[in-house]
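Because the structure is a prediction, the values reported are computed rather than measured. Here is how names work: the chains are called A, B, and so on, in the same order as the sequence lines, proteins then strands, and each is numbered from 1.
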Protein chains: 2
Amino acid sequence: MPRKPLELAVIDLMQAVGLLVRRVRAAANAQGLSMTEATVLARLDKAGPATTAELARAEAMKPQSMGATVGSLEELGLVERRPHATDGRQLNIVLTAKGAALRSSAQLAKRTWLAQAIAQLDDAERETLFEAGEIIMRLVEK
Amino acid sequence: MPRKPLELAVIDLMQAVGLLVRRVRAAANAQGLSMTEATVLARLDKAGPATTAELARAEAMKPQSMGATVGSLEELGLVERRPHATDGRQLNIVLTAKGAALRSSAQLAKRTWLAQAIAQLDDAERETLFEAGEIIMRLVEK
DNA sequence: TATTGTTATACTCTATAACTATA
DNA sequence: TATAGTTATAGAGTATAACAATA
């Protein structure tokens, strides 16, 4: 049972998400990685090389937009493009040694404000956030 | 106790937030209000007229940026600028009749994808999302 | 001098459209 | 013809800088 009317709670959540995104973006401009950049980097580490098109599908973005993200990761020296073994159209995006070095949470935390902030929460708060993330994942698929 | 390593859970949350924001933005471009627009509108309804500077402080944005948001709400006919009674520098942003008509959750839900989506969740899921929103609010204040 | 607001400019993120190369 | 990728252009959202008016 919500503590306040539904519409007000929804607005508060929107405000929180807006503040969060602006905060992460400000931190990324100053020193680190944007949310999309961090997500793509972690995905490459977890699941191995992928094409721009595959990454775009995973993030529900257009391939052209993902191309820009991959381009900025490439400028940072974190990924590189490699020709596909058999399909001449494809370019595999792979982590460089520098990109792979960011795989540990300690390294990633330095690079993203959100990871840093979440590390300071207690277990129950973290768990609530992660559950919310799972709910959002189901929500956006509809 | 998290079900997966902390760094992976953080990345999953980042991905969820990214997908959510892109989804809300796409829906807003097609028909409705952006997250910031909806938040500002609700705030004006809840707390009454405010200046651009006050709204900017509440959303942790620059006054110039909030000016753009207010401008688009004005173009939609949802708010208007009124001279302040005593301070000639200030312009109060007030809801128009059309803007005030959006105050009910039913009206707002039609205007924002997120409100519409959340209305379809069960109570426990909604509560988790709203708790996560409160945690995020505390997080961004640090 | 500080505050409110505006205008001009630019950057990030993402989209649409048009194109080339390969399958 | 379908798919992978690139380039060009545009839009939303936000920032910085410079300015005008008022306090």
note: A:H84, atom NE2; C:dA23, atom P; distance rounded to Å ~ 11 Å
Rounded to whole Å, the CG-P distance (B:L73 to D:dG13) equals 10 Å
Whole-Å distance, A:I93 CD1 to D:dA4 P, equals 13 Å
Quick tally for nucleotides 16-23 of chain D: nucleotides whose base has a protein heavy atom under 4.0 Å get B, sugar-phosphate-only ones S, the rest -, giving BB---BBS
Taken to the nearest whole Å, CE/B:M66 to P/C:dT4 is 14 Å
- Query: So, A:S65 side chain and A:M61 main chain: donor-acceptor pair closer than 3.5 Å or not?
  - Reply: no
Check: Should we count CZ of A:R82 as having more than 12 external heavy atoms under 6.0 Å?
Finding: no
Nearest-nucleotide check on DNA chain D, A:G67 vs A:R22; residue mapping nearer the 5' end is A:G67
Atom CZ of B:R25 and atom C1' of C:dA15 are separated, to the nearest Å, by 10 Å
From CD of A:Q90 across to C1' of C:dA23 the rounded distance in Å is 10 Å
Here the residues of residues 44-57 of chain B within 4.0 Å heavy-atom distance, strictly under, of DNA chain D are none
- Message: Need one value for A:A68: base, sugar-phosphate or nothing, where a base atom within 4.0 Å counts as base even if backbone is also close, heavy atoms only.
- Response: base
TODO: Look at the side chain of A:E125 and the backbone N and O of A:D122, then say whether any donor-acceptor pair between them is shorter than 3.5 Å.
DONE: yes
With sequence neighbours left out, the residues meeting salt bridge (Lys or Arg N to Asp or Glu O under 4.0 Å) with A:E7 are none
Taken to the nearest whole Å, CG/A:L91 to P/C:dT20 is 18 Å
Separation of D:dG13 atom C1' from A:M35 atom CE, nearest Å, is 14 Å
Sorted by chain and residue number, the side-chain hydrogen bond (donor to acceptor under 3.5 Å, both in side chains) partners of B:R57 (sequence neighbours excluded) come out as none
(Q) Checking side-chain polar atoms at under 3.5 Å, does A:E37 have a donor or acceptor matched by the opposite partner on A:S72? (A) yes
If each end axis of the helix from C:dT1-D:dA23 to C:dA23-D:dT1 is fitted on five C1' pair positions, the angle between them, to 10 degrees, is 10°
### Message
Would the distance check show the side chain of A:K110 and the main-chain N or O of A:Q116 forming a donor-acceptor pair, the cut-off being under 3.5 Å?
### Response
no
Single-linkage hydrophobic cluster A:L102~A:V94, side-chain heavy atoms < 4.5 angstrom:
no
* Looking for any heavy atom pair under 4.0 Å, which part of the strands does A:S34 touch: base, sugar-phosphate only, or nothing? -> sugar-phosphate
Checklist entry - Any side-chain heavy atom of A:L73 within less than 4.5 Å of one from A:V40? => result yes
Using a cut-off of 4.0 Å on non-hydrogen atoms, how would the nucleic acid contact of A:T36 be classed: base, sugar-phosphate, or nothing?
sugar-phosphate
Side-chain donor or acceptor of A:R126 paired with backbone N/O of A:A119 under 3.5 Å:
yes
*asked:* So, does A:R81 get its side chain near the phosphate of D:dT6, meaning an N or O under 4.0 Å from OP1 or OP2?
replied: yes
Fill in: Test item: side-chain donor near acceptor, A:D87 and A:Q90, under 3.5 Å
yes
Residues passing the salt bridge (Lys or Arg N to Asp or Glu O under 4.0 Å) test with A:R23, sequence neighbours excluded, are none
